[in-house]
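Predicted model, so just to flag it, every value in this text is computed and none were measured.
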Amino acid sequence: MALEGVLLGMGNPLLDISAVVDEDFLKKFDIQLNNAILAEDKHKSMYDEMAAKYNVEYIAGGATQNSIRVAQWMLQVPGATSYIGCIGKDKFGEEMTKNSKQAGVNVHYYEDENTPTGTCAVCVVGGERSLIANLSAANCYKVDHLKQPENWALVEKAKYFYIAGFFLTVSPESIQLVAEHAAANNKVFMMNLSAPFICEFFKDPQEKALPYMDYVFGNETEARTFSKVHGWETENVEEIALKISQLPKASEARKRITVITQGADPVCVAQDGKVTLYPVILLPKEKLVDTNGAGDAFVGGFLSQLVQEKPIEECVRAGCYAANVIIQRSGCTYPEKPDSH
């Protein structure tokens, strides 16, 4: 099976600035654990304060990029995955490029001359994380870059596409272009709900992309927000997953599958009008380092099997394995090779 270039991701490449902080820090900057937001003016001084007060780690991040890197790691076939996004012409950008190439991902970054590479503050308390993203260059991605022959070639080559919902705030145009290509060529198009604020404040571009989604990923909080925004009046994750799977589709070639993770609770998969629950690998609390990248890693593991056309239970099992590895490490990082089983 030729896997080269089989999976293409598009999103916001960010450098994670990660630190274990304390409750006072969260209060000061009005940060909720287990949330992801875009930085506002009140967060401007936060990045420097983190670096000054805490032991900070710099880790390549960005939700889609995390998932693609994990899929690449699980596949162990150089160049099986590609990734597109915008970085700055700076040291962080150079590091990111070097990192990704070493990981075996075929990255085609658009480099913005005037804006620094995006960063994401990862505030960890008790193993739970909160994300505050300062998109900077990531926010400057232009659909013209995607249309360039050498970049569009990645789209032509791929059979599977994955884009986190976060990219809806940057280039809905690029998303539509890839979505329509996937539908026209019977390829698999997948997105993530990504964060409550995406479901609430970027409902329109999300709605526009939804008919094209063959797979929808998300966690329980995002699913409940999606339900609330759509006036479904249910908090039941299984019910919500089912309803999402039954929303109209652009192409009837395949039915939509919804995959919702729930932390330590079972993964909920809705397809063909029914829901299946898959238990996750439970981890003793003392082994938890941080949940940063857990959902991304789940998707990455899942995709690594999906692109090999494995059954859904295999995809979920690989997703759970990857997430389990990631939460025992700082950020979305992994050992040299995955376990073979």
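Residue K91 places its NZ atom among 12 or fewer non-hydrogen atoms of other residues, nucleotides or ligands, all under 6.0 Å distant.
Using modelled atom types, one finds no donor on one side chain facing an acceptor on the other under 3.5 Å when comparing Y58 with S18. The closest side-chain donor-acceptor pair between D112 and T115 falls under 3.5 angstrom. Counted by atom type alone, R254 and N186 present one or more donor-acceptor pairs between their side chains at under 3.5 Å. N35 and S130 share no donor-acceptor pair across their side chains, judged by distance under 3.5 Å alone. There is a side-chain donor-acceptor pair under 3.5 Å between Q328 and N324.
Between F197 and F166, the ring planes are tilted. Angles from 30° to 60° get that label. The aromatic rings of Y54 and F25 stand perpendicular to each other, their planes meeting at an angle above 60°, with 30° marking the opposite boundary.
Taken to the nearest 0.5 Å, the CG atom of L8 stands 6.0 Å off from the CZ atom of F161. One distance of note links CZ of R329 with CG of L288; it measures 14.0 Å at 0.5 Å rounding.
A salt bridge links D214 and K249; the closest N-O separation between the charged side-chain nitrogens and carboxylate oxygens is under 4.0 Å. A salt bridge does not link E94 with K89: every distance from a Lys NZ or Arg NE/NH1/NH2 to an Asp or Glu carboxylate oxygen is 4.0 Å or more. Salt bridge status for E4 with K157: present, with a side-chain N to carboxylate O gap under 4.0 Å.
For Y162 and F189, the distance between ring centers is not under 6.0 angstrom.
V188 places none of its side-chain heavy atoms less than 4.5 Å from the side chain of K159. You'll find the side chain of M190 reaches within 4.5 Å of the side chain of F217, heavy atoms only. Side-chain contact between E222 and I260 is absent, with no heavy atoms from C-beta onward closer than 4.5 Å. In this structure the side chain of M74 reaches within 4.5 angstrom of the side chain of Y321, judged on heavy atoms. Two residues are said to be in side-chain contact when any heavy atoms from C-beta on lie closer than 4.5 Å; T169 and I198 meet this criterion.
In this structure, the side chain of H230 does not engage the main chain of S227 through any donor-acceptor pair within 3.5 Å. Counting only distance, with no hydrogens or angles, the side chain of S304 and the backbone of A71 share no donor-acceptor pair below 3.5 Å. Judged by distance alone, the side chain of Y215 and the main-chain N or O of N192 form no donor-acceptor pair under 3.5 Å. In this structure, the side chain of Y83 engages the main chain of G11 through a donor-acceptor pair within 3.5 Å.
Following chains of ILVMFWY side-chain contacts shorter than 4.5 Å, one cannot reach V237 starting from L242, and the two form parts of different hydrophobic clusters. A continuous path of hydrophobic side-chain contacts links F298 to L306 [ILVMFWY only; heavy atoms under 4.5 Å]. Following chains of ILVMFWY side-chain contacts shorter than 4.5 Å, one can reach L75 starting from V105, so the two form part of one hydrophobic cluster.
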Donor-acceptor pairs under 3.5 Å, side chain of residues 265-284 to any protein atom, not counting sequence neighbours: which ones?
none

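With sequence neighbours excluded, the residues forming a side chain to side chain donor-acceptor pair (under 3.5 Å) with K187 are H181, listed by chain and number. Partners of W232 under the side chain to side chain donor-acceptor pair (under 3.5 Å) rule, at least two apart in sequence or in another chain, do not exist in this structure.
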